[in-house]
Amino acid sequence: MTAPILRTLAELREMTRGWHRAGETIGVVPTMGALHDGHLSLVARAKELSDRVIVTIFVNPKQFNNAQDLENYPRTEHEDARKLERFAVDAIYVPDGAQMYPDGFATNISVAGLTNVLCGAHRAGHFDGVATVVTKLFTQTSADLAFFGEKDFQQLQVVRRLARDLDLGVEVVGCPTIREMDGLAMSSRNLLLSDQARSRASALNDVMEDMAEALGQGASMGDLLPDATARLATAGFSDIDYLEMRTNDTLRLIETASEPARLFAAAYMAGVRLIDNIDVPVVR
Ligand code: PAF
């Protein structure tokens, strides 16, 4: 079933008002489009937990710190709507830039602490852009539940923080990363890889899995980094932004897996920035 595509806030509000009046819960899946099975797993979870599901598609200029990256970002609205048909979502909200950031828009939402590290340290303003648009999407959709992938684990923690801090009344639901057969985390950016770069990109997950296993057996990051970075370079990764282990909740940098933690990486494959994170077993 084709869901209605809503392009204005007025249309969206009219629809959600009726649902709330009927006592129905609303789940939102915020996306920038170019939907893949990772997004679709969020939609499936949203369908399980909410009475009504809205998928939002908006390539948010405020979260791109590089104009070329914004321009290159895949835009596939027609295909996205087709992929959503089998889920029978209740609405697809596709606002344009003027709808989201009308003339004179001057508000910025900034989450301190969590955003100074990892992608926040390498992409100036990125998380302010995410926090601002997500806050708007939560209030525009009047969502009760919102679904985010663990693939963007730092983003998930930032969104959880802002939803709590601003009393937005939205329960943020984290969903596991969905991977290709060779382990590469699904991402809209994978579409930008050539066939050759795509086949090499799975090395990121291979290296991280090996590191996580060794960390779980008591190795330190210092022990593992020289070999890991050499393997990534051999596979064709350039410019590793970070390869770090951090605690789950506060994202504090740690050297050994003495408490619940994840391994985080961001690196460039043929000019495409790929990120990933995986759970690290705590050393017994
Ligand atoms: O994860 C994304 O696709 C985006 O950062 C989000 C949450 C849709 C905000 O633009």
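It should be emphasised that the depicted structure is a prediction, and the values quoted were computed from it without experimental measurement. Note that these values count all heavy atoms, side chains included, but never hydrogens, waters or copies made by symmetry. Order of listing sets the numbers, starting from 1, for every ligand and every atom in it.
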Q. Within the structure, does Thr31 bring an N/O atom to less than 3.5 angstrom of an N/O atom in ligand 1?
A. no
Q. Looking only at side chains, do Asn205 and Ser202 share a donor and an acceptor under 3.5 Å apart?
A. no
Q: Would you mind running through ligand 1 and noting each atom that sits below 4.0 Å from a heavy atom of Phe148?
A: 7 (C)
Q. Distance from Phe138 atom CZ to Leu162 atom CG, nearest 0.5 Å?
A. 6.5 Å
Q.
Give the atom numbers and elements of ligand 1 that come within less than 4.0 Å of a heavy atom of Val133.
A. 9 (C), 10 (O)
Q. Is Asn60 close to ligand 1, meaning an N/O of one under 3.5 Å from an N/O of the other?
A. no
Q) Is the charged tip of Arg262 near the ring of Phe153: under 6.0 Å from the six-membered ring centre and within 45° of its axis? A) yes
Q.
Need the ligand 1 atom indices (1-based, order shown) with element for anything under 4.0 Å from a heavy-atom of Met32.
A. 3 (O), 4 (C), 8 (C), 10 (O)
Q: Could you name the option among Lys136, Gln63, His39 that has the heavy atom nearest to atom 10 (O) of ligand 1?
A: Gln63
Q.
Quick check on contacts: which atoms of ligand 1 are under 4.0 angstrom from a heavy atom of Gln155?
A. 1 (O), 2 (C), 4 (C), 5 (O), 7 (C)
Q | Pairwise distance OG1(Thr25) to CD(Glu171) - rounded to 0.5 angstrom | A | 10.0 Å
(Q) Ring-plane angle category for Phe64 and Tyr73, please: parallel below 30°, perpendicular beyond 60°, tilted otherwise. (A) perpendicular
Q. Should Arg273 and His122 count as side-chain neighbours, where that means a heavy-atom distance under 4.5 Å?
A. yes
